[in-house]
Amino acid sequence: ARDRRIRFRYFDYTVSKERRFRRDGGYYVVSPFALTWDDENYYLVAYDSEAGIIKHFRVDKMLDIGILDEARDGQESFAALDMAEYAKKVFGMFSGREGRVRLRCENGLVGVVLDRFGQESILVPDGRNHFTVTVDAVVSPQFFGWLFGLGDRVELLAPDWAAAAFRAQLDAVGANYGEKQKD
């Protein structure tokens, strides 16, 4: 409301349920623009001038919040941001590399794809039992989890870097279930 930047400290929890501050306890300084609700949590959507991008932060992990005397910046970036599209692309508010991904899906997944990416998604028939769709997504472990949940009914076709990252994620998880040396 004051059109000012804010600062705060941001933390994660350790296994012993203690707070561990990111940036060695240093402050984040951002220009706040919106609050959004996703996966049972509120997130602050803000412009980070140091990084030059829009970021999001879980509100319940922000401490020592203060208003600065510095004017807010990033208005152009925020004005260009469609919050509904942003929420569709960012799975579970996990960060990752943004890209245009092409998926090949069984026809039975039309509703799932439209629910996730919106009714305006263009579905292209691919044979009798499949369709392809190209959508913008933030490729992250959460995105991979969504894909994995659909099993062999979906295939990540492009871009190559995203398919390679998914294969690497699958290999890393699969390695946890191979034969292990006994301690």
Side-chain angles (χ1 to χ4, degrees), residues 10-15 20-24 28 30 36-41 43-58 61 74 77-78 80-127 129-181:
Y10 200 62
F11 68 89
D12 295 305
Y13 285 106
T14 66
V15 174
R20 179 179 22 215
F21 287 93
R22 293 186 185 179
R23 296 187 176 178
D24 294 322
Y28 286 73
V30 299
T36 187
W37 174 261
D38 187 74
D39 197 27
E40 313 244 346
N41 294 294
Y43 291 85
L44 170 72
V45 179
Y47 182 76
D48 181 335
S49 10
E50 186 178 306
I53 58 172
I54 299 278
K55 291 184 175 180
H56 54 270
F57 303 90
R58 246 179 73 172
K61 292 184 172 190
S77 293
F78 188 73
L81 180 70
D82 180 328
M83 282 299 292
E85 288 299 314
Y86 183 75
K88 279 187 228 171
K89 289 190 291 190
V90 181
F91 282 69
M93 288 297 174
F94 277 75
S95 297
R97 182 174 173 185
E98 187 171 339
R100 228 163 144 65
V101 298
R102 188 162 45 99
L103 305 172
R104 182 174 188 264
C105 309
E106 285 185 4
N107 288 343
L109 295 177
V110 168
V112 172
V113 169
L114 294 179
D115 286 348
R116 178 76 247 180
F117 297 107
Q119 293 289 324
E120 67 281 356
S121 300
I122 298 171
L123 310 179
V124 179
D126 183 11
N129 301 314
H130 294 86
F131 66 92
T132 61
V133 62
T134 302
V135 295
D136 293 320
V138 173
V139 178
S140 67
Q142 284 298 106
F143 173 69
F144 293 152
W146 179 80
L147 282 177
F148 188 79
L150 299 175
D152 62 356
R153 300 176 67 200
V154 64
E155 182 182 356
L156 174 57
L157 299 175
D160 290 341
W161 62 262
F166 189 38
R167 278 191 300 279
Q169 179 81 19
L170 292 170
D171 290 344
V173 171
N176 286 340
Y177 297 94
E179 289 189 33
K180 293 185 178 186
Q181 296 279 336

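This is a predicted model, so every value here is computed, not measured.
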Asker: Let's go through W146 and V112 carefully: what are the C-alpha distance in whole Å and the side-chain angles of both, what is the deciding distance for side-chain contact (heavy atoms from CB on, under 4.5 Å) to 0.1 Å, and is it a yes or a no?
Answerer: CA-CA 10 Å; W146 179 80; V112 172; 3.9 Å; yes
Asker: Which residues pass the ring-ring contact (aromatic ring centres under 6.0 Å, His included) test with F131, not counting sequence neighbours?
Answerer: none
Asker: Mind listing the closest non-hydrogen atom pair of R153 and L109 along with its distance?
Answerer: O-CD1, 3.4 Å
Asker: Take W161 and R97 through the test side-chain contact (heavy atoms from CB on, under 4.5 Å) and record every step on the way to the result.
Answerer: CA-CA 10 Å; W161 62 262; R97 182 174 173 185; 3.4 Å; yes
Asker: For I122 and V133, which heavy atoms make the closest approach, and how far apart are they?
Answerer: O-CG2, 3.5 Å
Asker: What closest approach, in Å, do A137 and V101 show between heavy atoms, and which atom pair accounts for it?
Answerer: CB-CG2, 4.1 Å
Asker: With R20, which residues qualify under salt bridge (charged side-chain N to carboxylate O under 4.0 Å, His left out), at least two apart?
Answerer: none
Asker: SG/C105 to CG/N129 distance, rounded to the nearest 0.5 angstrom?
Answerer: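 Output value for this atom pair is 13.0 Å.
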Asker: Which atoms form the tightest heavy-atom contact between F117 and V135, and what is the distance?
Answerer: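 So the two residues come closest at CE2-CG2, 3.5 Å.
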Asker: Just verifying a value: how many Å separate H130 NE2 and N107 CG, rounded to the nearest 0.5 Å?
Answerer: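 Reported value, rounded in 0.5 Å steps: 7.5 Å.
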Asker: Could you walk me through whether V45 and I54 pass side-chain contact (heavy atoms from CB on, under 4.5 Å), step by step?
Answerer: CA-CA 7 Å; V45 179; I54 299 278; 3.6 Å; yes
Asker: Give, for atom CD of Q169 and atom CG of L147, the distance between the pair rounded to the nearest 0.5 Å.
Answerer: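 It comes to 11.0 Å.
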Asker: Begin with the C-alpha distance, continue with both residues' side-chain angles, and end with the deciding distance and a verdict on side-chain contact (heavy atoms from CB on, under 4.5 Å) for T134 and V124.
Answerer: CA-CA 9 Å; T134 302; V124 179; over 6 Å; no
Asker: Residues in ring-ring contact (aromatic ring centres under 6.0 Å, His included) with F57, at least two apart?
Answerer: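 ring-ring contact (aromatic ring centres under 6.0 Å, His included) check on F57 returns F8, Y10, Y28.
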Asker: Sequence neighbours left out, what passes salt bridge (charged side-chain N to carboxylate O under 4.0 Å, His left out) with R167? Give chain and number order.
Answerer: none
Asker: Could I get the full list of ring-ring contact (aromatic ring centres under 6.0 Å, His included) partners for F144, not counting sequence neighbours?
Answerer: F166
Asker: Give the ring-plane orientation class for F11 versus Y13, where under 30° counts as parallel, over 60° as perpendicular and anything between as tilted.
Answerer: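 Ring orientation of F11 relative to Y13: perpendicular.
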Asker: So, using side chain to side chain donor-acceptor pair (under 3.5 Å) as the criterion, who are the partners of S49 when residues are at least two apart?
Answerer: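 Testing S49 for side chain to side chain donor-acceptor pair (under 3.5 Å), a comparison that skips the adjacent residues, returns D73.
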Asker: List for me each residue that meets side chain to side chain contact (heavy atoms under 4.5 Å, CB included) alongside L157, sequence neighbours excluded, and say none if there are none.
Answerer: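 R102, R104, T132, E155.
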Asker: Identify, with sequence neighbours excluded, every residue that meets side chain to side chain contact (heavy atoms under 4.5 Å, CB included) alongside L114.
Answerer: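 By the side chain to side chain contact (heavy atoms under 4.5 Å, CB included) rule, L114 matches V110, Q119, S121, L123.
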Asker: Report the distance from atom CG of D12 to atom CZ of R58, rounding to the nearest 0.5 Å.
Answerer: 9.0 Å
Asker: Is it the case that atom CG in D160 sees more than 12 heavy atoms from other parts of the structure closer than 6.0 Å?
Answerer: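 No, because the 6.0 Å sphere around CG of D160 holds 12 heavy atoms or fewer from other groups.
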Asker: Which residues pass the side chain to side chain contact (heavy atoms under 4.5 Å, CB included) test with A51, not counting sequence neighbours?
Answerer: D48, I53, K55
